[in-house]
Every structure is written in C-alpha cells, then in structure tokens.
Protein chains: 2
Amino acid sequence: MVTDPIGRRERKRLATHHALRVAALRLGAERGIRDVTVEEIATAADVSVRTFYDHFPSKEDAIIGFDAWRVDQLRDALASRPADETPLEALRVVMGQLFRESSEEWPLRMRAISADPALIGRMFVSFITYERALVEVIAERTGLDPERDPYPALVTAVATAAFRASMTTARASGGALDPATTFDAAIARLRPAFNPTVDGSGRAPC
Amino acid sequence: MVTDPIGRRERKRLATHHALRVAALRLGAERGIRDVTVEEIATAADVSVRTFYDHFPSKEDAIIGFDAWRVDQLRDALASRPADETPLEALRVVMGQLFRESSEEWPLRMRAISADPALIGRMFVSFITYERALVEVIAERTGLDPERDPYPALVTAVATAAFRASMTTARASGGALDPATTFDAAIARLRPAFNPTVDGSGRAPC
DNA sequence: CCGATTCACTGCACGATGTGCAATTAGTTC
DNA sequence: GAACTAATTGCACATCGTGCAGTGAATCGG
C-alpha cells in the first residue's frame, strides 16, 4: 500500500471541509439556504461557527462549492487542449468536466440553488472568477486583445450561459434530462456562431 | 401646463428613491460598495437607515437598479414584438433598450460593478428574475415546453451573456466601445446559431 | 373646510452575518 | 523530546436586514 503523501493534519482538515459542505448541501436542499443558519451547519458538522468561516466565506459559498484551486485547474486544462481545437470546443470539454466530477453533489446543489435565486447570483460570482482566467487563455490562443475585441469575453460568457441553461433545464425536467448531455447539445447548437476561420483562430469572419 | 397625475406624496417618495440610488452609485463607484455602509448612503441622501431598507432590500440592489415593475415592462415589451421576429432578435431590441434608458447611470454602475465581483452576482439575481419572465414569453411565442426543450432557456441565457459581455468589454475598453453597439454586434454574431431556417451560405450577415 | 385615513419616514430592538485577535490543542519537524 | 506550525475555538465587535409601533404629512370623503 502506497503511503498517502498528505499527513493526518491535512486529512482532518479535508474531512472537516467535506463535512461542512455536505451539511450545507443537505440542509440547503431540504429547507432552502435562507432558512438555515451558519450555526446549524456548523453544529451538523460538529465544529464551531468560527471554524465554518475558516473554511468558507459564507454559507452560500459552501453550497456553490467554489474552490480557488479549481481556477488554476480549469485554466491549465483549457491551456492544454489541442491548439487546433476551436475555443468553444475547448470550453465544452473543460466546463463539461465540472458536471462529471463530484457528480453526486449536483442534484443536491441544483435543488438548493433552484430554491433560492440569491444562490444563482453567488454561483456567478464564482463563474466570474473562472471566466476571467479562461478569457486570458482564450485571448492567448487566438491572439486577440480582450480589451479591444469582444470575442474572448463573448465566447466564454456564452459557454457559461449554456452551462447555466443546462442546469436550469435539467432541473426543470425533473431528472429526464442529464445536465452534461444537455450542455453538450447546447454547445453544438452554438457552434455555427463561432465557426473557425482559415487561420484557425476560431474567430468568425465579421 | 398639464397637471402631473402623481401627487406630492408620491413625488417625494420618488425623490427619496432617486436620492438613495444616486448616493449609492456615487459612493459605490468611488470607493467600492464593500467599503460603503448603508448608514453612509442614508446620510448622503438625508434619510434614516431604516428608510433606506424601505426602498431597497440591500445596498447592492440600490446599485444594480432592479425594480420589480421593470419585469412586467420587459415582459410586455417582448410580448408586443412582431410575431414573425425571431426570439433572438426580439430579445436584442428589448434588452438593448435597458442600455438606452437611464444611460447616464451606466458609467457609474459599470464602474461600481467592476470594483466588486459580488455586485455581478447581484446583477444576475435581477437578471434571473427578468429571464424567468422572458422565458415564459419565448416559450409562448415558439410553442415550446420550457421544461422539456432547452431552447427558450438557452436563447434567453445567451442573450443575457451577450449583455454581460458587452458591459465587460465596454468597460475594459475604457470608453472606446459603446455597450449598446457592442451588444448589437454580439447578437449579430450569435444569430446563425438560432436561425430557424438553415441558410445555404452558412454565414451570418455582417 | 374638517375629520378620518393612508402612508412615508423614523427610532428601537433583535437575530444573524462576517472578521480580527488571542488562546488552546494536536500534528509536524528537527 | 523540544520547537514549531496550523486547525480549531471563544470572544468581541461592526454591520446587516427585519419586525413593530409611533409620528406627521398627504390624501380622501363628507
């Protein structure tokens, strides 16, 4: 058996982190996050209120599941996509992965989010952070200046829109539609708007 | 001179409302809304803190400028667009109008928003409310069931994405780009993805 | 014109949020 | 085992957001 390189201290911290997230997701999905206090979440995870705030800046963030390290992970994943892939296609692969990892949390998360519009806003706060990193990579891939050309910001915002609409529709269908599949279909529909040009930059000829 | 049908009481209320919004926009653009307290905004508008909360549920809402009556206004505007207009085109006209009215507030608003990611989230809280109403109308126009077909949610989310990306790019360009114009251009680019008739050329009109 | 009513504004109280600070305890390093 | 590091905790405090009741001005009905 290979010894795990992370020690007991780190393992306990991750356990606390996970317990808080699970408690927040469960309580939030059950009763709506507005009717849940931080004290209840902390008690359910058997830690103090102050410890909760050492792991998450707010109860909403515990639901959304934003982690700073994911930004780098997402940026690296996008940067390592094949250079001949269109930006929209690269975003499809990278963002679609979000639905696949920790997929068991998504039903609870979508249930909690649909119960409180404020959570959708908070979700976008994290998406904005993702987007800023992704726009950088897209700009580098296409050689466009994001301060002068709307393309990088637009294609990224549109991919995020597809992600969000997929969540909404999958949730509204009551499980009949799978969010990951719906997301792929949405991107497929949007493909004509971002047709690649001869130079392979992915920029439409306008 | 035609007598204004609204009385003095209502006029004073609107004046208070406007004073609070202007104070919030100015202070938020200057120092970032996080460093501004509700007490400061209320003092700047010469009312009590409690009165502020009678007009806005939070200081972020005072910046964003969400008003419930706009939802109906937006829904009616969309519903009264010509039936032969594509949903995307109808959304372009209706949402583009948001940039044009109270246009003098947009620079301050964009400045305040860009200074605080949480405001972007709050902006989406209001957009979600708009979207839900718009999705209804789109579903009615197209005869699609929004719980089974992703189209209404997708085209609306994409239009919102274009709106947001236009704000971002216009702000990043430092005034070189006009948000309303950039928005129209973004919608034009997205047109081929939502064109009901597959055009032989496969190219969007430029 | 005058009494009754409505409503914007106000102060007060209170639970909840989010953060700085210092102490404790357990894990890690040398 | 001693020194160090970091997760957890309690406490204090500013701020947020809301319920409630009171006041005064605007409006309405006679």
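Convention: sequence-line order gives letters A, B, ...; per-chain numbering from 1.
Residue contacts shown for B:T51 include a base, since a base heavy atom lies under 4.0 Å away. Looking at heavy-atom distances under 4.0 Å, B:V49 makes no contact with the nucleic acid at all.
Following rounding to the nearest Å, A:I33 (CD1) and C:dT17 (P) show an atom-to-atom distance of 9 Å. For the pair B:D54 CG and D:dG22 C1', the interatomic distance rounds to 14 Å; values are reported in whole Å. One interatomic measurement links the two molecules: CZ of B:F52 to P of C:dT10, which rounds to 13 Å at whole-angstrom precision. Taking atom CG on A:D35 and atom C1' on D:dT18, their separation rounds to 14 Å, with Å as the unit. Atom CG in B:D46 sits about 11 Å away from atom P in C:dC9, given to the nearest Å. Taking atom CD of B:E39 as the reference point, atom P of C:dT10 lies 13 Å away to the nearest angstrom. Spacing between atom CD of A:E40 and atom P of C:dT17 amounts to 9 Å, rounded to whole angstrom units. When the P atom of C:dG18 is taken as reference, atom CD of B:E60 falls 11 Å away, rounded to whole Å.
Checking the phosphate oxygens (OP1, OP2) of C:dG27, no side-chain nitrogen or oxygen of A:R13 falls inside 4.0 Å. Taking 4.0 angstrom as the limit, B:S58 places none of its side-chain polar atoms (N or O) nearer than this to OP1 or OP2 of D:dC16. For the pair B:H55 and C:dC9, the criterion of a side-chain N or O lying under 4.0 Å from OP1 or OP2 is met. Between C:dA26 and A:K12, no contact under 4.0 Å exists linking OP1 or OP2 to a side-chain N or O. OP1 and OP2 of C:dT19 both lie 4.0 Å or more from every side-chain N or O belonging to A:Y53. OP1 and OP2 of C:dT17 both lie 4.0 Å or more from every side-chain N or O belonging to A:T37.
Of the two residues contacting DNA chain D, namely A:R34 and A:E10, the nearest-nucleotide position lying further toward the 5' end is that of A:E10. Nearest-nucleotide positions on DNA chain C place B:R50 closer to the 5' end than the other of A:K59 and B:R50.
A salt bridge links A:R100 with A:D184: at least one charged nitrogen is closer than 4.0 Å to a carboxylate oxygen. A salt bridge does not link A:R13 to A:E10: none of the charged nitrogens lies less than 4.0 Å from a carboxylate oxygen.
For a distance-only test at 3.5 Å, the side chain of A:R9 qualifies as a donor-acceptor partner of the base of D:dT5.
Considering only the side chain of B:V38, D:dC16 comes nearest among C:dG27, C:dT17, D:dC16.
Relative ring orientation between B:F183 and B:F99 is described as perpendicular, the plane-to-plane angle rising above 60° on a 0-90° scale split at 30° and 60°.
Looking only at side-chain heavy atoms (C-beta outward), B:K59 and B:E40 stay at 4.5 Å or farther from each other.
Although no hydrogens or angles enter the test, the distance criterion places no donor-acceptor pair under 3.5 Å between the side chain of B:R92 and the main chain of B:I187.
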